[in-house]
Number of protein chains: 2
Amino acid sequence: MQGLTRKIVGDRWDGAFVARLRRYIEFSASEINDLRGLLEVEHSVRKRRDVVVEGGSHARLSFVKNGVAARYKVLHNGKRQIVNIIVPGDVIGLPGSFLDTTSFAVVALTDMKLEVCALDDYVALAHRRPKFGLALSWLAVHEATTYAEHIVDIGRRTALERVAHFLLEIHDRLAAVGRAAATEFDLPVSQEIMSDALGLSVPHINRMLAELRESGMIALAGRHVSFADIKRLQQLAHFEPVRLTRIPAPSQPSTIIVPKRPVDRTTVDRPAVGRPAVARHVGGRAALAN
Amino acid sequence: MQGLTRKIVGDRWDGAFVARLRRYIEFSASEINDLRGLLEVEHSVRKRRDVVVEGGSHARLSFVKNGVAARYKVLHNGKRQIVNIIVPGDVIGLPGSFLDTTSFAVVALTDMKLEVCALDDYVALAHRRPKFGLALSWLAVHEATTYAEHIVDIGRRTALERVAHFLLEIHDRLAAVGRAAATEFDLPVSQEIMSDALGLSVPHINRMLAELRESGMIALAGRHVSFADIKRLQQLAHFEPVRLTRIPAPSQPSTIIVPKRPVDRTTVDRPAVGRPAVARHVGGRAALAN
DNA sequence: CCAAATTATTGATGCAGATTAACAAAAAAG
DNA sequence: CTTTTTTGTTAATCTGCATCAATAATTTGG
């Protein structure tokens, strides 16, 4: 299973996390340096342990250098729902550190290495360097988008589609940080984790994986997954990777007060797509942007 | 149905949206004024129309002054999943304006009034006034948290629990912007919308509502809902409102470079809660924060 | 105020996926 | 290398909710 740990990028001190921020906006060496000043020395979390992100004034952000975790919630009926799988380059503490009544937990699925930073310090940095505040916004929006995709997954996809979508998403996110090859990767989670992430039972996950194998879309060897027919798989799963725009550069660098903008032929209110976007049982194809 | 429109706060020009930002951090009059400078004149969207939020350089943020909308995605199999119900004080365009491949749509469920602002302008403002960048982060984190709750809802709650949770959540969010009384409100959505939000069929939504009524937890008159036994309802739904911390004030106002922090007895790695947090079929109770 | 469209309600039938229960195969631990 | 623990696999049975269908009540719009 250590094919998973194939170290490619992100193991240098400023690896995965800085790379992640640079996906949204460029940072100068001195800016990166300021951020570095906030980071505590590297932390380790062992497999199966909880990653703690206390709220209040002890809130922190943890940047994952290495390893995989799951953010989850347990209901009183004993059922657990995993909300997101966390991979290198992701940030832990994004919902958690901001919540009064703290309600999601994170458990390490493998041994992990983290860079930890006090939220207060990060906010102070953002006051001096606004780009960091914006970068945090983009990070949070990215997170929200991933969650939105998961809602669609669980709410409206069949079991087979869900499993296919899960494989494609995890692969895509690992590949984005150099942890996966083009059409194959080591799945970093057990079927039990998948079941709690997808709202399905373990036996059924197993059957769906078997079905994907039998129908020739994937090949499985232990936890090593290869996409034998990625096109068909993507089509089945209705998969579309999440890609954010970059943070726009400010048109006029600063200080000038922008005048009130005139009304242009804007946004809002338009004929929609022919029929009632809210059709009774079915719906047509999707409408527009958001 | 116009009990819904009981105008309390949020109808003055700087109503719901500014109030929303102030939930996270205090703004001075001059700061608010800068924001005001970016807003285009008020826009209207008619019921059933799509709210357009184009991507790329035409991206915009729309602040809901009035009315209700739904953010959704339609799959190729024709099924629609509503990801979130949008109420006054919410922002439209948070995922949408940041996505390259634009994949979520927003439809107005009632007539709406919006304040629209170009994303580029907002970002430029955030460069001058870092607080706005941070406020956007908090807004996005709030959004992400709501979505996370929806994942749990759809993934692990029974149909009855889901409907109960939906009612409580919408009520809580409406009450937060002065659009609902303490234990009653006008449900701003049809059962069909609920069905697409909760991943259930319309007939089943109907049956679950009937069951909640018969068991004495709610009373229904058309779309007017009263919580007859809110305690029991909350318990059934395992409901916990989303409450974010406020943005911490910077300890040293600015410019001073914060020195590298020493390692304190930190976060991470701890015995977890007794047994394997990842138990086979069930799970124990929740563990820690995030 | 009437016609058309949308929304709510109720019932009968079927299936996707849960549940339970073994057992096999791998990892981990010693 | 052996024991223990975790993970994977398969099968039999049961059920929650979808689906389909039809009708009643509302709302909207001309």
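Note that the structure is predicted; figures quoted are calculated from it, not measured. First the proteins, then the strands, lettered A, B, ... as listed; each starts at 1.
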TODO: If a pair satisfies ring-ring contact (aromatic ring centres under 6.0 Å, His included) and one of its residues is in residues 148-174 of chain A, list it, with sequence neighbours excluded.
DONE: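 Sorted pair list: A:H165-A:F239, A:H171-A:F185, A:H171-A:F227.
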Find the distance [X]:[atom1] to [N]:[atom2] and express it as a whole number of Å.
X: B:L187; N: C:dT7; atom1: CG; atom2: C1'; result: 13 Å
X: B:N206; N: D:dA24; atom1: CG; atom2: P; result: 16 Å
X: A:E211; N: D:dT10; atom1: CD; atom2: P; result: 13 Å
X: A:I193; N: D:dT6; atom1: CD1; atom2: P; result: 13 Å
X: A:R213; N: D:dT9; atom1: CZ; atom2: P; result: 6 Å
X: B:E192; N: C:dA5; atom1: CD; atom2: P; result: 16 Å
X: B:L209; N: C:dT10; atom1: CG; atom2: P; result: 11 Å
X: A:Q191; N: C:dA27; atom1: CD; atom2: P; result: 13 Å

TODO: Spell out, as yes or no, whether a donor-acceptor pair under 3.5 Å connects the side chain of B:R49 to the backbone of B:K47.
DONE: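 Such a contact is absent between B:R49 side chain and B:K47 backbone.
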Open item on the list: Would the distance check show the side chain of B:Q81 and the main-chain N or O of B:D196 forming a donor-acceptor pair, the cut-off being under 3.5 Å?
Closed with: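 Yes: the side chain of B:Q81 pairs with the backbone of B:D196.
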Task: side chain to side chain contact (heavy atoms under 4.5 Å, CB included) partners for A:A164, two or more places apart - done: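 Scan of A:A164 (side chain to side chain contact (heavy atoms under 4.5 Å, CB included), adjacent residues dropped) gives A:L212, A:L233, A:L236, A:A237.
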Task: Within 45° cone of B:F104 ring axis and under 6.0 Å: B:R71 NZ or CZ - done: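 No, B:R71 does not sit over the ring of B:F104.
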Task: Charged N-O contact under 4.0 Å between A:E149 and B:K73 - done: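 Yes.
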Open item on the list: With a 4.0 Å cut-off on N to O distance, would you call B:E169 and B:R162 a salt bridge?
Closed with: no
Open item on the list: D:dG8, OP1 or OP2 - any side-chain N/O from A:R223 closer than 4.0 Å?
Closed with: yes
Task: salt bridge (charged side-chain N to carboxylate O under 4.0 Å, His left out) partners of B:D90, counting only residues at least two apart - done: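 Result, salt bridge (charged side-chain N to carboxylate O under 4.0 Å, His left out) vs B:D90: B:R20, B:R173.
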Open item on the list: What does the 5'-to-3' dot-bracket notation of DNA chain D look like when only Watson-Crick and G-U wobble pairs under 3.5 Å count, and pairs to other strands show as |?
Closed with: ||||||||||||||||||||||||||||||
Task: Closest listed nucleotide, where the reference is the side chain of A:S190 and the choices are D:dT6, C:dA8, D:dG8 - done: D:dG8
Close N/O contacts between protein and nucleotides 17-19 of chain D (under 3.5 Å):
unit_1: D:dC17; atom_1: OP1; unit_2: B:A159; atom_2: N; d: 3.3
unit_1: D:dA18; atom_1: OP1; unit_2: B:G199; atom_2: O; d: 3.3
unit_1: D:dA18; atom_1: OP1; unit_2: B:S201; atom_2: N; d: 2.9
unit_1: D:dA18; atom_1: OP2; unit_2: B:S201; atom_2: N; d: 3.1
unit_1: D:dA18; atom_1: OP2; unit_2: B:S201; atom_2: OG; d: 2.7
unit_1: D:dT19; atom_1: OP1; unit_2: B:K79; atom_2: NZ; d: 2.6

TODO: Please identify each residue that fulfils side-chain hydrogen bond (donor to acceptor under 3.5 Å, both in side chains) with B:R232, with sequence neighbours left out.
DONE: B:D229
